[in-house]
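These notes are about the structure you will find just below.
In listed order, ligands and their atoms are each counted from 1.
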Amino acid sequence: MKVLIIGSGYVGVNTAVVLAYLGNRVTCLDVNKEKIALLRQGKSPVYEPHLEETLNLVRDRLTFTSSYSEAGIPDTDVIFITVGTPSLADGNADLSYVRQAAESVAENLGEKFTVIVNKSTVPIGSGNWVEVIMREHFNSNHNDGQKPDFSVVSSPEFLAQGSAMRDSFYPDRIVVGSQDDRSIERLKELFGPLMRQDFNAPPGLPRPEGLEIVPLLVCDLTSAEMIKYAANAFLALKISYINEIGRLAEKLGADISAVSKGIGLDRRIGDRFLNAGLGWGGSCFGKDTAALIAIARDYKLAMPIIESAREINYGQRTLVVDLLQEQLKILKGKHITLLGYSFKPETDDLRDAPAIDISKILIQRGALVRAHDPVALINARSHYGQLGVVFCDEVGEALKDADAIVLVTEWTQYREMDWEAIPRVPVIDGRNCLDRKRMEELGFTVIGIGR
Ligand SMILES: NC(=O)c1ccc[n+]([C@@H]2O[C@H](COP(=O)([O-])OP(=O)(O)OC[C@H]3O[C@@H](n4cnc5c(N)ncnc54)[C@H](O)[C@@H]3O)[C@@H](O)[C@H]2O)c1
């Protein structure tokens with residue numbers, strides 16, 4: 001099929017590469033010309049394992065543009081909207097990018113039936129809003145009586161950054177929200193290889209053992225949009241739940257890692273998203289939980305469970321600094337090294353990263369902060385250069401003169417580094433991922449979260 005992806009960020013590039021790999025002709029459109037220039041050179045504008053390699057494998061099926069009029073819209077079968085929907089100050093999602101994308105698509109539609117798939121996470125009910133905007137915009141641009149032939153469908157994205165390619169080739173499910181038979185049929189055809197899992201696995205991304213079929217859930221548009229928010233909120237509260245239990249474990253002298261393992265082995269609970277630590281960050285959980293609360297508020301409903309999950313999560317960022325203060329007594333003038341700056345390993349994304357708040361609190365309390373990250377330093381320097389943190393390209397440089405170390409992001413590199421060569425200063429293991437026994441044998445004091 002001929003596919004257009006609007007927005008070349010984490011979701012857009014990933015979706016484009018996967019659909020091109022499955023044999024479709026895909027155009028990527030982004031208003032950011034720098035991103036398009038990079039893509040034309042075969043470089044991904046975002047860091048994701050296997051993304052750039054797979055992109056270069058299917059480059060002959062990919063086209064890149066920043067112009068709506070040159071994107072071949074009249075001839076396109078399926079258009080994905082994957083632009084950002086960041087939080088506004090009141091928690092609601094900022095829909096201005098979705099509106100711009102919808103209007104620009106409407107301006108360029110031809111006579112052919114086109115399916116518009118909204119993959120951006122938008123407030124529940126937005127699908128209809130996009131359709132209304134598009135119809136109005138189309139009509140105001142066509143005085144010839146031509147009727148637009150399109151349908152807006154919701155197909156929320158569930159990928160996790162750091163494993164986006166794997167999640168997209170081997171999803172747990174595909175959700176399609178639509179009551180339009182033509183759209184459902186077209187998307188069944190487009191997603192067919194993913195549902196049947198009958199494509200050859202791409203290099204470096206082997207198919208998980210036993211995966212034979214991926215379920216497709218077709219439902220109404222509003223339910224599809226709700227599934228996305230409800231899923232993210234549930235994962236977020238699972239993390240906050242274990243952090244709340246971790247706070248009690250610490251007081252009682254229990255080890256939260258053992259507790260997590262013990263409860264996670266119960267198949268009704270499952271062991272994922274049960275690691276106590278610094279909590280969630282990233283572009284989705286914070287923004288989507290805030291939006292869900294804001295949506296409910298419009299209907300005079302409170303969401304106390306989700307509100308508490310947020311409170312616990314953001315409290316973990318102060319808690320880690322308090323642990324540090326307990327160790328060092330005085331933070332003023334102390335050198336603190338942060339290992340990891342991205343919100344999770346295998347990504348360069350700093351949106352809502354705990355490292356940013358931790359840096360701010362530390363600097364506020366008079367500490368001197370140095371930080372290292374294997375891939376996020378370019379973003380850190382360009383977006384957070386004014387914070388007062390010294391960003392270091394080498395771990396050794398970041399560790400220079402350290403009075404204490406905080407492991408913020410569980411990159412493998414930090415777990416496996418030569419700790420023997422590092423001065424024996426207190427280490428706060430913000431992700432409970434270090435080999436504590438070995439580190440203690442080496443003479444380190446390691447303070448975990450909830451242990
Ligand atoms: N990142 C994730 O892990 C993830 C997972 C699931 C869902 N989502 C949702 O997917 C959406 C996109 O997220 P992302 O992380 O890829 O965002 P992103 O910020 O990385 O990318 C968005 C891109 O859209 C482009 N853009 C903005 N307005 C445009 C326009 N009018 N026309 C063309 N391009 C335009 C921007 O330049 C940017 O490159 C969001 O709604 C997000 O909530 C993200």
Side-chain angles (χ1 to χ4, degrees), residues 4-18 27-39 44-48 51 64-71 73 79-88 92-108 116-124 126-127 130 133-134 137 154-168 171-172 174-175 224-225 227-229 231-233 235-236 280-292 342-344 346-353 379 383:
L4 170 64
I5 315 272
I6 299 179
S8 298
Y10 290 89
V11 173
V13 178
N14 188 72
T15 309
V17 168
V18 169
T27 301
C28 295
L29 189 161
D30 201 295
V31 286
N32 183 327
K33 292 193 168 113
E34 284 170 29
K35 288 192 177 183
I36 293 302
L38 277 174
L39 284 161
S44 169
V46 297
Y47 175 80
E48 257 307 320
L51 181 57
F64 307 102
T65 182
S66 31
S67 155
Y68 276 87
S69 59
E70 288 165 20
I73 292 178
I79 300 179
F80 285 87
I81 298 180
T82 68
V83 298
T85 47
S87 270
L88 291 169
N92 278 302
D94 178 357
L95 292 178
S96 57
Y97 304 107
V98 176
R99 174 187 275 277
Q100 284 158 16
E103 289 182 351
S104 308
V105 170
E107 262 164 46
N108 289 280
I116 317 293
V117 183
N118 198 357
K119 258 194 183 300
S120 295
T121 305
V122 290
I124 303 159
S126 302
V130 169
I133 290 178
M134 286 186 61
H137 211 75
S154 166
S155 183
E157 178 56 66
F158 300 106
L159 67 79
Q161 282 173 237
S163 58
M165 293 298 278
R166 205 175 54 224
D167 297 342
S168 304
D172 289 340
I174 297 169
V175 173
E225 288 171 347
I227 286 168
K228 176 63 196 168
Y229 280 104
N232 267 1
L235 294 172
W280 78 68
S283 70
C284 293
F285 286 1
K287 152 175 98 65
D288 294 351
T289 49
L292 196 53
S342 58
F343 84 93
K344 68 190 279 197
E346 304 297 342
T347 182
D348 58 351
D349 198 348
L350 294 178
R351 289 177 286 186
D352 200 14
N379 281 345
H383 299 299

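The nearest non-hydrogen atom to atom 23 (C) of ligand 1, considering only V122, N232, D30, V31, comes from D30. Nearest-heavy-atom check against atom 40 (C) of ligand 1 across T85, D167, N118, D349 picks out T85. Closest to atom 26 (N) of ligand 1 by heavy atom, among V83, I5, V46, D94, is V83. Evaluated by nearest non-hydrogen atom to atom 15 (O) of ligand 1, the leading choice among Q161, R351, E157 is R351.
What you find for A160 and D167 is that their closest heavy atoms are N-OD2, 2.8 Å.
Proximity of C284 to ligand 1, defined as any heavy-atom pair under 4.0 Å, is confined to the side chain (atoms from C-beta onward). No part of D288 comes within 4.0 Å of ligand 1, judged by heavy-atom distances. Counting heavy atoms under 4.0 Å from ligand 1, residue K344 does not touch it at all.
If you number the atoms of ligand 1 from 1 as listed, the ones under 4.0 Å from a heavy atom of G7 come out as 23 (C), 24 (O), 25 (C), 34 (N). Near G84, meaning under 4.0 Å from one of its heavy atoms, ligand 1 places the atoms 22 (C). Counting atoms of ligand 1 from 1 in the listed order, those under 4.0 Å from a heavy atom of I6 are 32 (N), 33 (C). Of all atoms in ligand 1, listed by their number and element, those nearer than 4.0 Å to a heavy atom of K287 are 42 (C), 43 (O). Per-residue contacts place Q100 under 4.0 angstrom from the following atoms of ligand 1 (heavy atoms of the residue considered): 31 (N). Those atoms of ligand 1 that come under 4.0 Å of a heavy atom in S283, given as number and element, are 1 (N). Listed by number with element, the atoms of ligand 1 under 4.0 Å from a non-hydrogen atom of L159 are 3 (O), 5 (C).
When side chains are defined from C-beta on, Y229 does not count as touching P156, because their heavy atoms never get closer than 4.5 Å. No side-chain heavy atom of D352 sits under 4.5 Å from any side-chain heavy atom of K287. Contact of the S126 side chain with the V98 side chain is not registered, since no non-hydrogen atoms from C-beta on lie closer than 4.5 Å. A heavy-atom distance below 4.5 Å is found between the side chains of I6 and Y68. Between S8 and L39, some side-chain heavy-atom pair lies under the 4.5 Å cut-off. In this structure, P86 and Y97 have side chains that are in contact, with non-hydrogen atoms separated by less than 4.5 Å.
The side-chain contact (heavy atoms from CB on, under 4.5 Å) test with I79 singles out one residue from T27, V105, V117, and that residue is V105.
For atom 28 (N) of ligand 1, the nearest non-hydrogen atom of the protein is Y97 CD2, 3.5 Å. Of all protein heavy atoms, the one closest to atom 9 (C) of ligand 1 is T121 OG1, 3.4 Å. G9 CA, 3.2 Å is the protein heavy atom nearest to atom 21 (O) of ligand 1.
Some N or O of V11 is nearer than 3.5 Å to an N or O of ligand 1, by distance alone. For a threshold of 3.5 Å applied to N or O pairs, the pair formed by N32 and ligand 1 contains no separation below that value. Geometrically, ligand 1 and K228 share no nitrogen or oxygen pair separated by less than 3.5 Å. Checked against a 3.5 angstrom limit, the closest N/O atoms of K35 and ligand 1 fall inside it.
A donor-acceptor contact shorter than 3.5 Å links the side chain of K228 to the backbone of E157.
We find the OG-CG distance between S342 and D348 to be 8.0 Å, quoted to the nearest 0.5 Å.
The closest approach between Y68 and ligand 1 falls below 4.0 Å for a heavy atom of the residue.
Looking at S67 and S69, their side chains do bring a donor and an acceptor atom within 3.5 Å of each other.
For S44, the side chain to side chain contact (heavy atoms under 4.5 Å, CB included) test picks out V13, V46, L51, E52, with sequence neighbours left out.
Around the CZ atom of R166, the shell of radius 6.0 Å holds no more than 12 heavy atoms that belong to other residues, nucleotides or ligands.
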